[in-house]
Enquirer: 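Submitted below is the structure of interest, expressed as structure tokens.
By convention in this document, chain letters (A, B, ...) are assigned in the order of the sequence lines, proteins followed by strands, and residues within each chain are numbered from 1.
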Amino acid sequence: MKIATLHDAIADHVHDGDMLAIEGFTAFICFAAAHEIIRQGRRDLVLVRMTPDLIYDQMIAAGCARKMVFSYLGNPGVGSLHCVRRAVEKGIPRPLEVEEYSHFGMVSRYMAGAADLPFFPLRSYMGADQPKVNPHIQFVESPFEGDVVAVVPPLNPDVAIIHAQRADPSGDTQIWGLLGVQKEVAFAAKRVIVVVEEIVDESVIRSDPNRTVIPGLLVDALVHEPWGAHPSYAQGYYDRDNQFYLEWDRISRDEAETQAWLDEWVYGVEDRASYLRKLEGQDPTLQQRLAPGEALSQPVNYGIYG
Amino acid sequence: MKIATLHDAIADHVHDGDMLAIEGFTAFICFAAAHEIIRQGRRDLVLVRMTPDLIYDQMIAAGCARKMVFSYLGNPGVGSLHCVRRAVEKGIPRPLEVEEYSHFGMVSRYMAGAADLPFFPLRSYMGADQPKVNPHIQFVESPFEGDVVAVVPPLNPDVAIIHAQRADPSGDTQIWGLLGVQKEVAFAAKRVIVVVEEIVDESVIRSDPNRTVIPGLLVDALVHEPWGAHPSYAQGYYDRDNQFYLEWDRISRDEAETQAWLDEWVYGVEDRASYLRKLEGQDPTLQQRLAPGEALSQPVNYGIYG
Amino acid sequence: MTEYTPAEMMITSSARALAGERVVFVGVGLPNIACNLARHTVAPDLELVYESGVFGSRPARLPLSIGDPTLVSGATLVCGMPDLFMYYLQGGRIEVAFLGAAQIDRFGNINTTVIGGRSPGFVGRYEQPKVRLPGSGGACEIAIHAQKVFVIMRLSPRGFVDQIDFCTSAGHLDGEPGGRAALGMPGAGPQLVVTDKAIFRFARDTGEMYLSSVHPGITAEEVQAQVGWPLKVADGLKTTVPPTVEELRLIREELDPEGAYTGKGE
Amino acid sequence: MTEYTPAEMMITSSARALAGERVVFVGVGLPNIACNLARHTVAPDLELVYESGVFGSRPARLPLSIGDPTLVSGATLVCGMPDLFMYYLQGGRIEVAFLGAAQIDRFGNINTTVIGGRSPGFVGRYEQPKVRLPGSGGACEIAIHAQKVFVIMRLSPRGFVDQIDFCTSAGHLDGEPGGRAALGMPGAGPQLVVTDKAIFRFARDTGEMYLSSVHPGITAEEVQAQVGWPLKVADGLKTTVPPTVEELRLIREELDPEGAYTGKGE
């Protein structure tokens, strides 16, 4: 494990053709990493994520991906992902192969991957058409009472990127708020990059070991990148920038406007710090607009035994 | 859900012949509930627990059980469970049927029970003899690469008893420290009794929703019983009483001494409060001896969004 | 009588159907407002479970997505997706769930995956669709496990079709009694479809959707014109009871004061 | 040369075998002290994982069981049993694990379930045993998944037997090369057996245990007398290097100052 810049973490661990999972279910979406991958010009990625959201819409518009594995396509609370739709419906900027599950199917694939199981069983897909278009959805009979359940195979991305609130310098990572499948994808992936709002002293993590979701043992690179999830959010650090989610709906409907946006906000900035400076230049109230108030957890006593 | 005395919770929810799981892996072991069950004279129980520990040793000595489902028999850090051994090896006070798994097998059975799956897959038991003596351990071939894995069926106890640090009056329960399989058994069981050190205001629970392990939705009875786990422990509240674990090794080697102990400490006291008074009468340093120092978790900010 | 929007009609109709329910699986938008309205009226003990893993939420503002951080702060329990799908949904803890649909057929089978397409055949249509929709999300398994499913969608000929292009979430299958149970589907399937023009229910014996009530000013003929199969109509077709003054006050003053979901005349 | 107890010899021998290892699955008692000694000497980066779900523990006192609360306070991560078994152990994250045994055979297969019994036949013996032992706990799957297994037990004819009464945790099976892999067992199986009299290892090609070193003052013949099969002996049988002054200081002053595990001459 080493503490790295986002540039170096991506350069070292994300390669052309990799299967990449940037997870965080509707929260903690690491746009900073996606933009760095776009800037570094990665190609032929297999993008894995339950909810592709704007982050994969942008990466697909930038031509990074050849395939996407997912369970729900949408701009949450707003509407369609227009770049994904252009790629699927019209092959713009390039054709995009899709491999599709329900949410539970994706969760199960990650769990099988994390647990090194050849399959994970779930009661889903009965009566539905997904198994007809996805050979990875099969059915197995129980040896106990003859009950039949669906099974899906493990998903083991080459690299997973997880955004979180804090980690110690060894990479022991704590997350609070929506936990999604971050733990599962970290255990399932061959390499793990963790991007945090804060790197804290080991004593902070050790004061609350039940809150640690990802052990440093799994982490190949730890990146300190405040506001790395904007326009998504990090619980307790900043709010989702809903204005941008609405604006993207407009921008992304048009291919040229989309490319112009990428030119300005991704290719046109050097790194996340530059992006934030530019953003605050445009909107000086940004921090104030998105800063949440304070709602602290009440402490618990682990006790001193010694 | 209703807040109840331990007497009433046991009277209402634990019946002769029930399959009962009192869980808590090497911690949070609810001796108060076991003693109440012994006092109420329950019979023919199927006792389920990964580590039967002293709690089931006592219940078996008291003649409550006809069968035990488990994965590790021992007085942790001390030695054998002599009452269990007398029942298995010699049928004293009555014969005890056993159904045995590895730890992972028990964990998997609880998960299948909690998730309403007909089986749970695990890579275990290859080359071992457990499947020869337990027909609930079967093997299934994966439809994906022909890999073979063990599977075990769901375990759905009639009633589960969980000891925890705190819950709100609706039964939303928080646990910190060793989490064992408490969540899984609560979801797997048909009825759930939660016994806590403290009933706290809803606002305490709501200040840290990620720490809630069992939702009130599952809880049939909530019991406030401080020190209800003694001689086991509740993280941050009191330490394990190792002296008693050592003493039980001596007492339990002899059937008559065992029965005398039950007479004095279980049948001879009315409830847990009486037990604690008697205990402190014998050992006035009890609280001081077992009280841990303070090691508080550092709070996290969930943020106010509104 | 007070004026109301079609969205307000859909919200109050959905809320009333939650009378006496305990645990509802909820998305944002209209279902969210409907569930909160129900909690203020017919179902005070209603627990809202969000697909994002949030239980017992007390949002300080109207959530704009199921991932809104306002759902988390002050909730009673927030868990990861494995727990949510394995223990809450598959474990049978969800009584009612709301689903949306791009297409629905007479048996309540739902498509939210693809529409049309250039290639011949089923798989080809999937691979080269005319319109790529969001896909399942959790809908496929919600439709299987929730004890009851309520559908909220607008009434239109494109939506109410004789043959859906893709079955994302199974309803009453082909209507054969016991068909769901035979496939191992624990929930009872779709019970209610709330639209901007009318409310539909399903016949217990045939699993077929029928017109249960029309909103004030709408006729059964107008509804049939929007539905792609010969629609069965309830004996004694009723007119939907419009939102009460108190329901409208709750929606407008407390639940969606900025009219994010209800004010655009949706 | 400093005096030392058999337990101290077992601890130092085990600790030295951890040189360069990263993640060890540990029980209490001697393995716990051995792992902590290794962290002070040959394996400073060693991470101790306890079966109870504790990672990166910094116990403020000598833990008396794997469930001791002192293991939790100040650890880096504490998780439930599903995570521990599914993601850490089965997920292949454990490099070395220590196991104890009541009986072990020449291929490192281990019995911790039952001894003897009155009834004829295998199942009968299981159901009416002479001695009911603890059973598997996590040992059955630890033996399958840990990349390497180290066994700690006393040398005795009751323990080192030609035929174990029950196979709780498989070692090298019948010694057939590739046998473990053919059954889908990811770990390499037993690598080392540390006793109070001698140290054993396993031949790479046959999977058979051989005498690797004898503790000072013990002969190969004395060891053979305690082993229930004709024991193979390493070419150039060595004498185990006894604990150093520094190792003994660490054990006696820092790791087990009250001699709970090391002072009774075990």
Enquirer: Between CG of Asn210(A) and CG of Asn210(B), what distance do you get to the nearest 0.5 Å?
Expert: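 Rounded to the nearest 0.5 Å, the CG-CG separation comes to 11.5 Å.
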Enquirer: Please step through ring pair (Phe, Tyr, Trp, His ring centres under 6.0 Å) for the pair Tyr305(A) and Tyr238(B), ending with a clear verdict.
Expert: CA-CA 9 Å; Tyr305(A) 293 91; Tyr238(B) 43 93; 9.6 Å; no
Enquirer: Side chain, backbone, both or neither: which part of Arg211(A) has a heavy atom under 4.5 Å from chain B?
Expert: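 The side chain, not the backbone.
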Enquirer: What's the separation between atom CG in Leu296(A) and atom CD in Gln298(B), rounded to the nearest 0.5 Å?
Expert: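 Here the rounded value is 11.5 Å.
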Enquirer: Among Leu178(A), Asp116(A), Ile205(A), Ile175(A), who wins on heavy-atom pairs under 4.5 Å with chain B?
Expert: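 The option with the most such pairs is Asp116(A).
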Enquirer: Examine whether an atom of Val148(B) lies under 4.5 Å from a heavy atom of chain A, and if so say whether it belongs to the side chain, the backbone or both; otherwise answer neither.
Expert: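 Contact with chain A: none, neither part.
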Enquirer: For Pro209(B), is it the side chain, the backbone, both or neither that has a heavy atom under 4.5 Å from a heavy atom of chain A?
Expert: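 Neither part.
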Enquirer: Considering only heavy atoms and a distance below 4.5 Å, find which of Tyr237(B), Phe139(B), Trp176(B), Phe120(B) pairs most often with chain A.
Expert: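 Answer, by heavy-atom pair count under 4.5 Å with chain A: Trp176(B).
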Enquirer: Taking side chain as everything from C-beta outward and backbone as N, CA, C, O, which of these in Asp239(A) sits under 4.5 Å from a heavy atom of chain B? Side chain, backbone, both or neither.
Expert: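 Looking at Asp239(A), backbone and side chain both touch chain B.
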Enquirer: Among Ser297(A), Pro135(A), Gly146(A), Ala291(A), single out the residue with the greatest number of heavy-atom pairs under 4.5 Å to chain B.
Expert: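 Option with the greatest count: Ser297(A).
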Enquirer: Closest heavy-atom contact between Ala295(B) and Gly303(A)?
Expert: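 Looking at all heavy atoms of both residues, the closest pair is CB-O, 3.6 Å.
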Enquirer: Report yes if the side chains of Phe144(A) and Pro118(B) come closer than 4.5 Å at any heavy-atom pair, otherwise no.
Expert: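 Of all side-chain heavy-atom pairs linking Pro118(B) with Phe144(A), none is under 4.5 Å.
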Enquirer: Is Gln165(B) close to Val300(A) at the side-chain level, that is, under 4.5 Å between some pair of heavy atoms?
Expert: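 No. Closest side-chain heavy atoms not under 4.5 Å.
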Enquirer: Does any backbone or side-chain atom of Arg166(B) lie under 4.5 Å from a heavy atom of chain A? Answer side chain, backbone, both or neither.
Expert: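 For Arg166(B), the side chain is the part near chain A, not the backbone.
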Enquirer: Considering only heavy atoms, which portion of Leu122(B) lies under 4.5 Å from any heavy atom of chain A: side chain, backbone, both, or neither?
Expert: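 For Leu122(B), backbone heavy atoms alone lie under 4.5 Å from chain A.
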Enquirer: Heavy-atom cut-off 4.5 Å, strictly under: side chain, backbone, both or neither for Glu294(B) against chain A?
Expert: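 For Glu294(B), heavy atoms of backbone and side chain both lie under 4.5 Å from chain A.
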Enquirer: About how many Å separate CD of Glu141(A) and CZ of Phe119(B), when rounded to the nearest 0.5 Å?
Expert: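 CD of Glu141(A) is found 10.0 Å from CZ of Phe119(B).
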Enquirer: Is Val149(B) in contact with chain A via its backbone, its side chain, both, or neither, using a 4.5 Å heavy-atom distance?
Expert: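 Contact with chain A is through the side chain of Val149(B) alone.
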Enquirer: Between Pro153(A), Ser142(A), Pro143(A), Ala112(A), which shows the greatest number of heavy-atom pairs under 4.5 Å with chain B?
Expert: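 Most pairs with chain B among the choices: Pro153(A).
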